[in-house]
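To start, the structure under review is shown below, and the notes come after it.
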Amino acid sequence: MTLRVYNTMSGKKEEFQPRVPGKVGMYVCGVTVYDYCHIGHARANIVFDIIYRYLQFADFETTYVRNYTDVDDKIINRANERGISSQELAEEFITAFDEDMDSLGLVKPTHEPRATEYIQQIIEINQKLIDKGIAYESSGDVYYSVAKFPDYLKLSKRNMEEMQAGARVAPGEQKRNPMDFALWKAAKPGEPGWESPWGAGRPGWHIECSAMSSSLLGESFDIHGGGRDLIFPHHENEIAQSEGASGKQFVKYWLHNGFVNVDQEKMSKSVGNFFTIRDILKIYDAEVIRFFILSAHYRSPIDFSEQNLAEAQSGLRRFYEALEAAAAATEGIDRPDVSSTEGAKVEEKFREAMDDDFNTALAIAHLFDGVRTMNRLVTTKKFRKKPELVAQVDDLYATILRLGKVLGLYRSQPTEWLEKVKLAGLTKLNITAEQITGFIEQRLQARAEKDFARGDEIRAELEEKGIVLLDTREGTNWRLK
RNA sequence: GGCCCCGUCGCCAAGUGGUAAGGCAGAGGUCUGCAACACCUUUAUCAGCAGUUCGAAUCUGCUCGGGGCCUCCA
């Protein structure tokens, strides 16, 4: 089975064949660093984190570039509001971004370039486009003439006439055509600027990605990703710039992730349903968020809600409980030399799902099947005396962890994770862990005295508070209802 | 107005021509002093209508409903 990916350009799933066999160049639009990242950024970055991991898992030597756009109107405005320099502001939010991505458990891309490190290359592309007659200078600004690029709008599949009806020219812009967009903006007093053939100025939005991608991956590369909302104008303009300058196909496969809604509504600052990653992480475990995001296909919209997060937590808990149980059940057993094919079966299904446009929801379903098989084996009578079953559990255990790693899941020690989530859930209830321990001791005492009525009473009282007691060979434990 | 997407069990969510995965919740059962976990069993004909086809959730058309982009946005 070969990997197939949905290409926004063709609107179809296509067989993935990198330009150079076995090697992949992938560029994903990062963030403009002027504010904290929200759950939508979390999704986009987690999705491409998984794509990157899976490409490597599938033996593609992958170069992954994710940029920081650290010069932009929004940054300048925000910095002015706060009375600090754009650079200081950008630095602050680059640090915040790194912290957030780290908390979410993302692997580092191969390169994380910043727009301001590529000013020279940006100027070169500008010059090339001007030399080719595709771009023009106008009182210190440089604009891209969309009429000179026949393929314009091929990605977003729009039509020029319609677009022009809605296009606006901002005050002060010297465009020949309202659809033209800025490649370079002359610096106004107090704005950051770099010397250029057109005077001091700064890059427009879009051009930085053309510069960074071509510098690090070449003029043509395999995968370009980002959120759906970037299709127009951002990616459309990148194509115009890059293909206009190079005359070559810019990107082979365009991948776009779907949005995150909040309680069925579009997330927006005006509605007030806007959640930053750091706020969410105060309430939910990072891995629960990842599990939630991967429980839907990356192109579908996903609804961020308390119920959906709670379900994600239940699902993830099922994995950790199974892993914990399997480890406990096989502890201290001598491992005879018996082979197992259980793991290979799960892996085959997993690969099949992931090969179909990174279908993480289906891939997780197959891992759940592995969990059920593992639980069934572990609870088989005289399990520990049946080497072939022990071998199968060992195999499944290792396979689930190994495949989970491709999704960035099951990174924690099961016992620690379960304990952490349990204690975190406790803060919502009106009881402390110490109080629960106290009740458990009372109940133990009652049971020792064969006072089962009192014991059950304590169980009922705790259950009312949302605590369930678990009697095991090792003693009594508790969990959240 | 233009372009695009979606509508699958109570909830979440796979499934793009061959007869409906998985999770959560629910019901019954095994296990347990009780309980929980786990395991077993059980719950849908796919918004509606009309077509194409031997055969459709999957293709076409229409209707209804929801959403996105077209200005900054993952």
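In what follows, chains are A, B, ... by sequence order, proteins preceding strands, each numbered from 1.
Remark: A:Lys188 NZ is loosely packed, at most 12 non-hydrogen atoms of other residues, nucleotides or ligands lying under 6.0 Å away. In A:Gln413, the CD atom is not crowded: 12 or fewer heavy atoms of neighbouring residues, nucleotides or ligands sit closer than 6.0 Å.
In this structure, B:A20 makes no Watson-Crick or G-U wobble pair, since no nucleotide meets both defining distances under 3.5 angstrom. Base-pair partner of B:U30: B:A38 (Watson-Crick or G-U wobble, both distances under 3.5 Å). Pairing of B:C9, defined by two Watson-Crick or G-U wobble distances under 3.5 Å, is not identified with any nucleotide. Under the Watson-Crick or G-U wobble criterion, with both distances below 3.5 Å, B:C69 is paired with B:G2. Base pairing annotation: B:C49 forms a Watson-Crick or G-U wobble pair with B:G61, both donor-acceptor distances under 3.5 Å.
Under the 30°/60° scheme for interplanar angles, the aromatic rings of A:Tyr253 and A:Phe16 are found to be tilted. Between A:Tyr52 and A:Tyr64, the angle of the ring planes lies from 30° to 60°, which puts this pair in the tilted group. Aromatic ring pairs are classed by plane angle as parallel below 30°, tilted from 30° to 60° and perpendicular above 60°; the pair A:Phe292 and A:Phe304 is perpendicular.
With hydrogens and angles left out, the side-chain atoms of A:Glu236 and A:Ser156 include a donor and acceptor closer than 3.5 Å.
Checking A:Leu362 against A:Asp456, the closest nucleotide of RNA chain B that is more toward the 5' end is the one next to A:Leu362. For the pair A:His234 and A:Asp471, both in contact range of RNA chain B, the more 5′-proximal nearest nucleotide belongs to A:Asp471.
OP1 or OP2 of B:C40 has not a single side-chain nitrogen or oxygen of A:Thr379 nearer than 4.0 Å. In this structure, A:Asn359 reaches the B:G15 phosphate: one of its side-chain N or O atoms is under 4.0 Å from OP1 or OP2. Close to B:C12, at under 4.0 Å from its OP1 or OP2, lies no side-chain N or O of A:Asn308. Distances shown here put every side-chain N or O of A:Trp478 at or beyond 4.0 Å from the OP1 or OP2 atom of B:A35.
Using a 4.0 Å heavy-atom criterion, one finds that A:Ala44 contacts the sugar-phosphate atoms exclusively. Among the atoms of the strands shown, base atoms are found under 4.0 Å from some heavy atom of A:Leu469.
Salt bridge annotation for A:Arg202-A:Asp72: absent, with no cationic side-chain nitrogen under 4.0 angstrom from a carboxylate oxygen.
For residues 446-479 of chain A, there are no ring pair (Phe, Tyr, Trp, His ring centres under 6.0 Å) pairs, not counting sequence neighbours.
Atoms CG (A:Asp73) and P (B:C72) sit 10 Å apart, rounded to a whole Å. The distance from atom CD1 of A:Ile440 to atom C1' of B:A35 is 13 Å, rounded to the nearest whole Å. Following rounding to the nearest Å, A:Ile231 (CD1) and B:C5 (C1') show an atom-to-atom distance of 10 Å.
In terms of the ring pair (Phe, Tyr, Trp, His ring centres under 6.0 Å) criterion, residue partners of A:Trp417 (sequence neighbours excluded) are, by chain and number, A:Tyr320. Every side-chain hydrogen bond (donor to acceptor under 3.5 Å, both in side chains) that A:Tyr27 has, sequence neighbours left out, goes to A:Asn67.
Proximity of A:Tyr152 to A:Met179: side-chain heavy atoms (C-beta onward) are separated by under 4.5 Å at one or more points.
For A:Phe274 and A:His38, the distance between ring centers is under 6.0 angstrom.
Near-neighbour residues of RNA chain B inside residues 34-43 of chain A, defined by a heavy atom below 4.0 Å, number-ordered: A:His38, A:Gly40, A:His41.
Nucleotides B:G29 and B:C37 place their P atoms 16 Å apart, quoted to the nearest Å.
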Would you tabulate the nitrogen or oxygen pairs shorter than 3.5 Å linking the protein to nucleotides 67-70 of chain B?
residue	atom	partner	partner atom	Å
B:C69	OP1	A:Lys266	NZ	2.3
B:C69	O2'	A:Arg158	NH2	2.6
B:C69	O2	A:Arg158	NH1	3.4
B:C70	O4'	A:Arg158	NH1	3.2

Polar atoms only, N or O, under 3.5 Å: list the protein pairs with nucleotides 24-28 of chain B and their distances.
none

